[in-house]
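All of these numbers come straight from a predicted model, not from anything done at the bench.
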Amino acid sequence: MNHRRTELLAAGAATVTVVLWASAFVSIRSAGAAYSPGALALGRLLSGALALGVICLIRREGLPPRSAWRGIAVSGVLWFGFYMVVLNWGEQQVDAGTAALVVNIGPILIALLGARLLGDAMPPRLLAGMAVSFAGAVTVGLSMSDNGGSSVLGVILCLLAAIAYAGGVVAQKPALGSATPLQVTTFGCFTGAVVCLPFAGQLVSEAADAPASATLNMVYLGVFPTALAFTTWAYALARTTASRMGATTYAVPALVVLMSWLALGEVPGLLTLAGGTLCLAGVAVSRSRARRTAPAPVMVPEPQPESASDPA
């Protein structure tokens, strides 16, 4: 019963993460008109670090154990710092469809690195689900791509973002063996903010001229898709494999399509909707478990009554 409850809590945490990360794409598009990539990343991380720091003080979390610092530092540099800067930059160079295509290489890299470095299992259902979801991501990307809207630099930046994302997830997993999800997220966010401090001058100058809506979007990115979503991600990751969690993020493109439809009035075409459906179907397959077949009953022959000629 406890195992089932843990699975449900982890699935709920993963759902919160995916929904908030999908909303981040809409907010990045809005805030990115007023903030440069580095300044937006730093503002987002500072907002997230402030929120996480207050929660840690209230909960008296304390410092993570020494054994967790390596994973926290690596994930903080790669995922919280480098990933956010190059993703913001890449989305200014390519259309949303191309960005979604390239960044969605990340879950495949997570599965490969997780199998190689963490010993994660690669069950057939996980592989099949990832294949279906990736086909859906390709469909969404192609349907949303603008002809000639991509640049070589933008594709390279999105590819670097995917690599940093995968490396950060795989580095974070061992740290969760000795530190709490809140500790791993908080100090990873602090690390990312330190990495982005060279953009402090840009952040100050751009914040003075930015509209309030762009600044509010930046703060939203820090408090919800960063502070809350990365914590729920770490909670779920501590209770499953990196490969399975990576496959869960394939639901993001489908949710981005829906949110863009509702928030920005961007009506998706039939091909986009079909791709989003494939993404969600693949996630469902990858997170499902094979049914356990009951063992065949052992047939015990009934004892035969003794005949009258048998000796007593």
Side-chain angles (χ1 to χ4, degrees), residues 2 5-24 26-28 31 35 39-84 165 168-169 171-197 199-200 203-204 207 212-240 242 245 248-249:
N2 289 335
R5 182 172 180 271
T6 299
E7 285 189 339
L8 290 175
L9 288 174
T15 301
V16 171
T17 297
V18 168
V19 171
L20 290 177
W21 281 356
S23 73
V26 179
S27 291
I28 287 173
Y35 287 97
L40 179 57
L42 176 59
R44 174 180 179 176
L45 289 167
L46 289 176
S47 301
L50 178 61
L52 289 165
V54 170
I55 296 172
C56 277
L57 289 175
I58 294 174
R59 291 178 56 86
R60 298 180 180 180
E61 282 285 321
L63 294 174
R66 183 177 299 179
S67 58
W69 273 107
R70 180 179 178 182
I72 291 173
V74 173
S75 65
V77 171
L78 289 179
W79 198 7
F80 287 85
F82 184 77
Y83 167 82
M84 291 191 182
Y165 160 46
V169 170
Q172 190 185 64
K173 175 65 176 176
L176 291 166
S178 56
T180 67
L182 184 58
Q183 288 174 329
V184 171
T185 304
T186 301
F187 289 94
C189 190
F190 286 168
T191 302
V194 171
V195 170
C196 293
L197 280 178
F199 301 106
L203 176 61
V204 172
S213 59
T215 302
L216 288 174
N217 268 301
M218 181 175 66
V219 173
Y220 169 82
L221 286 167
V223 175
F224 292 98
T226 303
L228 177 57
F230 274 79
T231 301
T232 52
W233 164 276
Y235 176 88
L237 180 61
R239 290 157 177 79
T240 187
M245 280 300 294
T248 303
T249 61

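- A side-chain hydrogen bond (donor to acceptor under 3.5 Å, both in side chains) check over residues 63-84, counting only residues at least two apart or in different chains, returns the pairs S67-S178.
- Side chain of S27 to main chain of A24: no donor-acceptor pair is present (N/O by atom type, distance under 3.5 Å, no hydrogens or angles).
- In this structure, T17 contributes its side chain and W233 its backbone to a donor-acceptor pair below 3.5 Å.
- When the options L45, I28, L42 are evaluated for a side chain to side chain contact (heavy atoms under 4.5 Å, CB included) with M84, the one that passes is L45.
- Applying the ring pair (Phe, Tyr, Trp, His ring centres under 6.0 Å) test to pairs two or more places apart or on separate chains, none has a residue in residues 41-64.
- For G48 against A227, the heavy-atom pair with the smallest separation is O-CB, 3.9 Å.
- A donor-acceptor pair under 3.5 Å links the side-chain atoms of R239 to the main chain of Y235, judged by distance alone.
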When you look at Q183 and T180, which way does the side-chain contact (heavy atoms from CB on, under 4.5 Å) test go after all the steps? CA-CA 5 Å; Q183 288 174 329; T180 67; 3.1 Å; yes
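- Closest heavy-atom contact between G43 and M218: CA-SD, 3.6 Å.
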Could you go through V223 and L228, starting from their C-alpha distance and side-chain angles, then the distance that decides it, and tell me whether this counts as side-chain contact (heavy atoms from CB on, under 4.5 Å)? CA-CA 6 Å; V223 175; L228 177 57; over 6 Å; no
Intermediate values then yes/no, side-chain contact (heavy atoms from CB on, under 4.5 Å), V54 and I58: CA-CA 6 Å; V54 170; I58 294 174; 3.9 Å; yes
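- In terms of heavy atoms, V74 sits closest to A171 at CG1-CB, 3.5 Å.
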Worked verdict on E61 versus T186 for side-chain hydrogen bond (donor to acceptor under 3.5 Å, both in side chains): CA-CA 10 Å; E61 282 285 321; T186 301; over 6 Å; no
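- Residue Y35 comes nearest to L203 through the heavy atom pair CE2-CD1, 4.0 Å, listed as atom of the first residue, atom of the second, then distance.
- T232 OG1 to L9 CG: the interatomic distance, rounded to the nearest 0.5 Å, is 12.5 Å.
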Verdict with reasoning, Q172 to V184, per side-chain contact (heavy atoms from CB on, under 4.5 Å): CA-CA 8 Å; Q172 190 185 64; V184 171; 3.5 Å; yes
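- Remark: F224 pairs with Y220 by the ring-ring contact (aromatic ring centres under 6.0 Å, His included) rule, at least two apart or across chains.
- Listed for the K173 side chain is a donor-acceptor partner under 3.5 Å among the backbone atoms of T240.
- Between L176 and A234, the shortest heavy-atom contact is CD1-O, 3.4 Å.
- Residues L182 and C56 share a closest heavy-atom pair of CG-SG, 3.8 Å.
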What verdict does the side-chain hydrogen bond (donor to acceptor under 3.5 Å, both in side chains) test give for R44 and T226, after you've listed the backbone C-alpha separation in whole Å, the side-chain angles of each residue and the deciding distance to 0.1 Å? CA-CA 8 Å; R44 174 180 179 176; T226 303; 2.6 Å; yes
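- Aromatic ring pairs are classed by plane angle as parallel below 30°, tilted from 30° to 60° and perpendicular above 60°; the pair F230 and F80 is tilted.
- Rounded to the nearest 0.5 Å, atoms OG (S47) and CG (L221) are 8.5 Å apart.
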